[in-house]
Amino acid sequence: MTFEQLYGAPPDVRASAPGRVNLIGEHTDYNGGYVLPTTIPQRTVVELRPRHGGAVRVFSADIGQPPIGYIAGAEVRHGRWIDYVEGITWALTRDGFAVGGADIRIESAVPLGSGLSSSAALEIALLRALREAFALPIDDVQMARLGQRAENEFVGAPVGLMDQMACTLAGDGEALFLDTRSLEWSVVPMPASVELVVVTSGVAHHHAKGDYRTRRAECEEAARRLGVAQLRDLGAGDLDRAMRLPEPLGRRARHVVTEDDRVLAAVAALRAGDAAELGRLFYASHESMRDDYEVSIPEIDLLVELARSVPDVYGARLTGGGFGGAVVMLARPGRGREVAHAIAADYAARTGQRPTVLIPQSAVGGRP
Ligand code: GLA
């Protein structure tokens, strides 16, 4: 249903935000480390019209049920998708921004649970729409922080800041190099020497569930035992000491320390257009996530191994939080589509899963 069919008048505001794919720097953001995500063409679109009073009505074209209502300033957590919307008006109200009632329609081409930040895309698209509709004086970095706060404190998912920063700050064809401690950032153009490929595994993950939280707690425990504020404060010279911690804390720390170094190396390789070096870093990152951080699953490992057997692929790795989701690959320019579909078909035949090739896109409009 269109906005007009739902609410009887056209929207005042239309805003959108993209999903993101992390190139490298996984599970480093909540450790104060470096990340290097880029945006994907698929976006979440929010249409909105302010209403008198505080009543909010929200419709999701992807869920298709009748609009859900709540009162801005009196948000309640339900353990459902609407929490991401209520969390945003909750975070704005808590920071003293005046948000009134609104009719809202959401439509997303970012697949859910695929490690491509459907939640951050929704948060940022909604914040952009609210910022415009209610003339809120917030900048892009504040917006990213509000999205994270909604997710951490309202939805109950203890995520870092990477996704919101990527969705807010990175433009098409740009990677965002972000220091998650200082929040210093710069954009690095994607080089013409590689073509980006993203294939989903068909296995969905859920961040609010325990594994992500457990990894985060393990990192905090490792940092505490090693006497540093965050694992970001460690370097290669600390790894012997870290590996003497009780299992699995040493391996968790080793992933974070080596991954931070790989991000810095990847930024240099990206700037130099060095496809072979980027590919090597991708595989090394995947192995570290699989063996030291233990956030991969057999289906994702299979996708990476299938990629490894294709000469036109430089590198592949699990992207996002893990326990399902998608694989990001770097292919020889012009070869991405063919390579991606061949790998996805082989994977589907071996596992019975239903993978999707998200990049390169096969249809205009971004709907997989
Ligand atoms: C999820 C979180 C991010 C980040 C990644 C892992 O996407 O939202 O903050 O921690 O997992 O790198």
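Atoms within each ligand, like the ligands themselves, are counted from 1 in listed order. Just so you know, these numbers come straight off a predicted model, no measurement behind them.
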- Message: Quick test of your reading: applying salt bridge (Lys or Arg N to Asp or Glu O under 4.0 Å), list the pairs with at least one residue in residues 182-193, sequence neighbours left out, ordered by first then second residue.
- Response: none
- Task: Among residues two or more places apart or on two chains, list those pairs meeting salt bridge (Lys or Arg N to Asp or Glu O under 4.0 Å) that have a residue in residues 23-33.
- Result: Glu26-Arg317
I need the atoms of ligand 1 closer than 4.0 Å to a non-hydrogen atom of [X], numbered in the order shown.
{"X": "Val159", "value": "2 (C), 8 (O), 9 (O)"}
{"X": "Met162", "value": "4 (C), 5 (C), 12 (O)"}
{"X": "Tyr30", "value": "10 (O)"}
{"X": "Arg20", "value": "7 (O)"}
{"X": "Gly160", "value": "9 (O)"}
{"X": "Asp29", "value": "3 (C), 4 (C), 9 (O), 10 (O)"}

Please check whether [X] reaches ligand 1 - meaning an N/O of the residue sits under 3.5 Å from an N/O of the ligand, judged on distance alone.
{"X": "Ser117", "result": "no"}
{"X": "Glu26", "result": "yes"}
{"X": "Asp163", "result": "yes"}

- Query: Can Asp12 and Arg49 be counted as an ion pair, charged N to O under 4.0 angstrom?
  - Reply: no
- Message: Under a plain distance cut-off of 3.5 Å, with no hydrogens placed, do Ser108 and Asp62 share a side-chain donor-acceptor pair?
- Response: no
- Message: If we count only N and O atoms by modelled type, under 3.5 Å, do the side chains of His255 and Asp291 hold a donor and an acceptor together?
- Response: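 Absent: no donor and acceptor within the cut-off.
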- Given side chains that start at C-beta, do those of Asp139 and Gln142 come closer than 4.5 Å, heavy atoms only? yes
- Query: Is Arg252 reaching over with its side chain to a backbone N or O of Asp292, donor-acceptor style, under 3.5 angstrom?
  - Reply: yes
